[in-house]
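Both backbone and side-chain heavy atoms feed into the values below; hydrogens, waters and symmetry mates do not. One-based numbering, in listed order, for ligands and for the atoms of each.
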Amino acid sequence: MDIHLQNEIRAAAGKRRTFAIISHPDAGKTTLTEKLLLYSGMVRTAGLVGSRKNAKLATSDWMEMEQERGISITASAMQFEYKHAVINVLDTPGHQDFCEDTYRTLTAADSAIMVIDAAKGVEVQTRKLFEVCRLRKIPVLTLINKMDLHGRPPLDLMAEVEEVLGIHASAINWPIGAGGQFVGVVDRSSRRVSLFKKMAAGGAAKASRRQIPLDSQDLKSLIDQDLWDQVTHDLELLEVAGNAFSLDDFLRGEVTPVFFASALTNFGIEDFFDAFVEMAPSASPRIADTPNGEEITVDVVETPFSAYVFKLQANMNPRHRDSTAFLRVCSGRFERDMVVRHHRLGNEVRLSRPHSLLAKERTTVDVAYPGDIIGIVNPGQFAIGDTISLTDTFNYKPLPQFQPEVFARIHPTDVGKRKAFDKGMVQMAAEGTVQILRSLNDLESFVAAVGKLQFDVLQYRLRREYRVEIKLDLMPFECSTWLVGDVKTFRPPSDAMVVKDQLDRPIVLFRTPWSKNFAQERNPHHTFLEMG
Ligand code: G4P
């Protein structure tokens, strides 16, 4: 590859910050995204992503709304510049239930921002998403949000992150005051204080920020003595008992840098974003398998264009009935209308009509670099996990499938709609909305998902896109496992059921986690796999 092109790719990949925000609903993910747009100059006043009140409507209204807004019904991505960096935010759905889309989206990220509500601490969904980051060794930055409200003491929150998530937490900055008295943050390494003032426009405009050394006499006249005493006391304590920060440990996923802010009032937000672009990794290399079974790390710069599909979304615009494949660019330079090898199909495809998204607007992409996400209009040739590339034959690692936790028997209410139903189900399974399981004798099939919301999505989309009403009878199982070992010698508990997945791999459904543990103890020569 010519040296100029290599330099261009190296520079562009080095600027990319491709990340996802992980949090429990209501912690402030949407607000933080808005503020990132505000501080990057993409919008002049915050509020673009939409009113949050509306997002709390019933599921189907919510989906309708999200679709009309054009972003985030399920995960998509936005791109914009922040200072010297090019930001790619992968949007993960903000609803209560989990879906595989969220997991898969995380595979396309190079880092994650974990937003924690200062009053609530580490909540259940945050914990699950954090686990996925840990499994994939994705570095995580922590933002303790809502510092303008009465919350828990910062030291408690740090301890909770460490205890509940099992990761070292290292405070990069420290809050001055909390609740109504939250007036600033101190950067621990430079001992520089940022003091904030509310603007008349509230959080819709950037907060005014004044920076001043912690040890300056002026500071004492600007903040209350109690606040000064408290913050110096905490800082001393952190020096003695806190974890040191090391960029390498962070990049390895062994320590999470912690920041304090209020996304609503913008206090601490710019300090956080500035640190984020400094610390977060640029486009990182991915692992792939070669045709002869070797594992290789694909060089971001030297390998010509390659990418993989991490998400499919059919019918984003019901008027056009189009379907979009979202690709993560892993190496080289992408150009519009490029003809690439589609490894699974063994043929060549032209990548025409590539686009990226900012809210409703689709922008055509002419070139893209490692770390970028592009949407390609997909006339059916892409499946999740597909690798495409300009020259090579390696395949990026298959995307993980998670153990389903809800199961149902399903059929169309009108038997005349069987064909449309089957077509819809094939599409939904290809997109990963649900998994389809079959009995070992192939006579029966079931649907399975990680969270119940996926069944609502299934029902809604079959109705809207395929005009099929379905009847769904939930089955009494609440956990499952892929089974490695001989199915014939496996002795399941009497209330369990052995079925197979789309790839004919055995999967066992259990009524309770207890029954699953019992089965594992009873079958020591079989292995239970957490992920398929
Ligand atoms: P999510 O995407 O993680 O679900 O959270 P979202 O940003 O929608 O925030 C949830 C609620 O918390 C919103 O209030 C939002 O305004 C509020 N919020 C977010 N960050 C902060 C913060 O730093 N401080 C305070 N005080 N509140 C914050 P809402 O009343 O549900 O919605 P809205 O009427 O404000 O739109």
**Item:** Parallel, tilted or perpendicular: rings of Phe477 and Phe407 (30°, 60°)
**Value:** perpendicular
**Fill in**
For Thr30, the ligand 1 atoms with a heavy-atom partner under 4.0 Å come out as 1 (P), 2 (O), 7 (O), 8 (O)
**Request:** Under 4.0 Å, heavy atoms only, figure out whether ligand 1 is touched by the backbone of Leu264, its side chain, both or neither.
**Result:** both
**Asked** If you measure from each non-hydrogen atom of Ser262 to ligand 1, which part falls under 4.0 Å: side chain, backbone, both or neither?
**Response** both
**Message:** I need the atoms of ligand 1 closer than 4.0 Å to a non-hydrogen atom of Lys29, numbered in the order shown.
**Reply:** 1 (P), 2 (O), 3 (O), 5 (O), 7 (O)
**Item:** Atom pair OG1 (Thr256) and CZ (Phe245), whose distance is rounded to the nearest 0.5 Å
**Value:** 8.5 Å
**Request:** Before giving the answer on side chain to side chain contact (heavy atoms under 4.5 Å, CB included), spell out for Phe130 and Val140 the whole-Å C-alpha distance, their side-chain angles and the decisive distance to 0.1 Å.
**Result:** CA-CA 8 Å; Phe130 178 83; Val140 178; 4.0 Å; yes
**Asked** In terms of the angle between their ring planes, are Phe272 and Phe276 parallel, tilted or perpendicular, with boundaries placed at 30° and 60°?
**Response** tilted
**Message:** At less than 4.0 angstrom from any non-hydrogen atom of Pro25, what atoms of ligand 1 do you find?
**Reply:** 4 (O)
**Asked** Is it true that a side-chain atom of Asn145 and a backbone atom of Ala263 form a donor plus acceptor pair closer than 3.5 Å?
**Response** yes
**Message:** With side chain to side chain contact (heavy atoms under 4.5 Å, CB included) as the criterion, how do Thr126 and Met114 come out once you've worked through the C-alpha distance, each side chain's angles and the decisive distance to 0.1 Å?
**Reply:** CA-CA 7 Å; Thr126 317; Met114 174 165 74; 3.6 Å; yes
**Asked** Counting both backbone and side chain atoms, is some N or O of Gly28 under 3.5 Å from an N or O of ligand 1?
**Response** yes
**Request:** Please say whether Asp26 places an N or O atom under 3.5 Å from an N or O atom belonging to ligand 1.
**Result:** yes
**Region of Asn145 engaging ligand 1 - heavy atom pairs below 4.0 Å** = side chain
